[in-house]
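Order of the sequence lines sets the chain letters (A, B, ...), proteins ahead of strands, with each chain counted from 1. No experiment lies behind these values; they were computed from the predicted model shown.
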Amino acid sequence: KAGVTQTPRYLIKTRGQQVTLSCSPISGHRSVSWYQQTPGQGLQFLFEYFSETQRNKGNFPGRFSGRQFSNSRSEMNVSTLELGDSALYLCASSGGTRNGEQFFGPGTRLTVL
Amino acid sequence: AQSVTQLDSHVSVSEGTPVLLRCNYSSSYSPSLFWYVQHPNKGLQLLLKYTSAATLVKGINGFEAEFKKSETSFHLTKPSAHMSDAAEYFCVVTPDRGSTLGRLYFGRGTQLTVWP
């Protein structure tokens with residue numbers, strides 16, 4: 001069974017640009033969550049999608065948005081990039097049971113210059 | 001509210017000696033608890049999970065953790081460290097109900113170094 005895949009793995013952008021990251025969950029998983037990992041703030045929850053609906057949202061500004069498609073693939077978008085958005089963005093999928101384990105992808109390393 | 005405190009940011013052990021990574025949690029509801037490991041430039045891998053069954057949980061690679069409700073702790077142990085255990089370890093809590101159901105709350109991580 002293929003794991004969670006994320007594309008691209010590495011990305012370099014400049015301030016003010018926007019970026020879209022993609023996540024393909026494990027086959028059959030309907031829940032996709034996104035996390036931001038930085039040395040200063042650690043791992044922080046961005047949002048969770050289940051069956052194309054945002055089910056939960058963390059404390060990030062509106063520049064961070066996401067969506068989920070009918071095949072459960074998910075994208076997250078960050079507009080008007082800031083230097084502080086440089087981070088590893090991790091996607092996790094689960095079967096959707098609310099306290100079930102989440103399976104993580106390798107992440108997308110975003111660098112904002 | 002949910003939160004996790006990992007009591008040590010760095011732990012160093014010699015190969016073959018026991019490992020203890022400490023974690024305390026706070027949860028408004030009965031929690032599910034997890035330990036994840038992250039090797040350099042890799043995603044997070046689940047080591048073990050507690051979901052209100054047995055309080056002593058066995059995971060992969062010889063790791064285990066004990067849920068102690070009275071102490072609100074979920075410490076991770078391994079009897080004998082191996083060089084391949086060197087990585088960052090995250091203690092994670094998620095509530096079993098409430099508005100943040102399904103959201104993972106991560107500790108700040110413990111970097112484990114294993115000396116030969």
Side-chain angles (χ1 to χ4, degrees), chain A residues 2-7 9-10 21 23-26 29-51 53-60 66 68 87-109 111, chain B residues 1-6 8-10 23 25 27-53 57 59-60 63 65 67 74 87-111:
Chain A
V4 179
T5 57
Q6 293 186 245
T7 57
R9 291 293 311 278
Y10 301 91
L21 313 181
C23 171
S24 292
I26 291 171
H29 284 187
R30 295 166 65 191
S31 169
V32 173
S33 298
W34 288 89
Y35 296 84
Q36 181 196 64
Q37 185 176 24
T38 60
Q41 299 298 318
L43 275 147
Q44 294 186 288
F45 173 79
L46 281 155
F47 28 66
E48 183 212 3
Y49 287 85
F50 181 81
S51 293
T53 301
Q54 188 180 85
R55 191 161 67 171
N56 218 327
K57 189 177 189 304
N59 299 322
F60 279 80
Q68 187 180 34
L88 180 67
Y89 290 89
L90 292 164
C91 159
S93 78
S94 75
T97 57
R98 303 305 290 271
N99 62 354
E101 66 182 274
Q102 297 187 16
F103 296 83
F104 284 81
T108 294
R109 173 74 63 184
T111 301
Chain B
Q2 280 60 239
S3 68
V4 176
T5 302
Q6 292 184 242
D8 307 291
S9 58
H10 291 87
C23 171
Y25 70 91
S27 180
S28 303
Y29 305 102
S30 298
S32 292
L33 293 157
F34 307 85
W35 277 96
Y36 280 86
V37 61
Q38 186 177 35
H39 291 276
N41 301 313
K42 296 286 181 67
L44 294 158
Q45 180 186 19
L46 180 70
L47 278 178
L48 49 80
K49 63 179 178 181
Y50 166 79
T51 55
S52 75
V57 182
I60 63 171
F63 285 95
F67 173 73
F74 191 57
E88 188 152 26
Y89 292 78
F90 294 93
C91 183
V92 180
V93 65
T94 187
D96 70 349
R97 70 196 73 176
S99 63
T100 59
L101 188 59
R103 171 176 171 175
L104 300 184
Y105 293 81
F106 284 82
R108 294 304 301 268
T110 298
Q111 183 66 47

* Is there a side-chain contact between B/Gln38 and A/Leu88 (heavy atoms, below 4.5 Å)? -> yes
* To do: Could you tell me which portion of A/Leu90 (side chain, backbone, both or neither) has an atom closer than 4.5 angstrom to a non-hydrogen atom of chain B?
  => side chain
* Structure fact -> Those residues at least two apart in sequence (or on a different chain) that pass side-chain contact (heavy atoms from CB on, under 4.5 Å) with B/Ala65 are B/Trp35, B/Leu48, B/Phe74, B/Leu76
* To do: Provide the closest heavy-atom pair for B/Lys49 versus A/Glu101 in the form atom of the first, atom of the second, distance.
  => NZ-OE2, 3.2 Å
* To do: Please say whether more than 12 non-hydrogen atoms of neighbouring residues, nucleotides or ligands are located less than 6.0 Å from NZ in B/Lys42.
  => no
* To do: Decide yes or no for B/Tyr36 and A/Gln102: does some side-chain heavy atom of the first lie under 4.5 Å from some side-chain heavy atom of the second?
  => yes
* Structure fact -> Cut-off 4.5 Å, heavy atoms of chain B, and the answer for A/Gln37 is side chain
* Starting at OH of A/Tyr35, measure out to CZ of B/Arg103 and round the result to the nearest 0.5 Å. => 8.0 Å
* Check whether B/Gln45 gets within reach of chain A through its side chain, its backbone, both or neither, counting any heavy atom under 4.5 Å. => neither
* Asked: What is the minimum heavy-atom distance between B/Leu44 and A/Phe104, and which atoms define it?
  -> O-CB, 3.5 Å
* Taking the six-membered ring for Trp and the single ring otherwise, decide whether the centroids of A/Phe45 and B/Tyr105 are under 6.0 Å apart. => no
* Considering only heavy atoms, which portion of B/Leu46 lies under 4.5 Å from any heavy atom of chain A: side chain, backbone, both, or neither? -> side chain
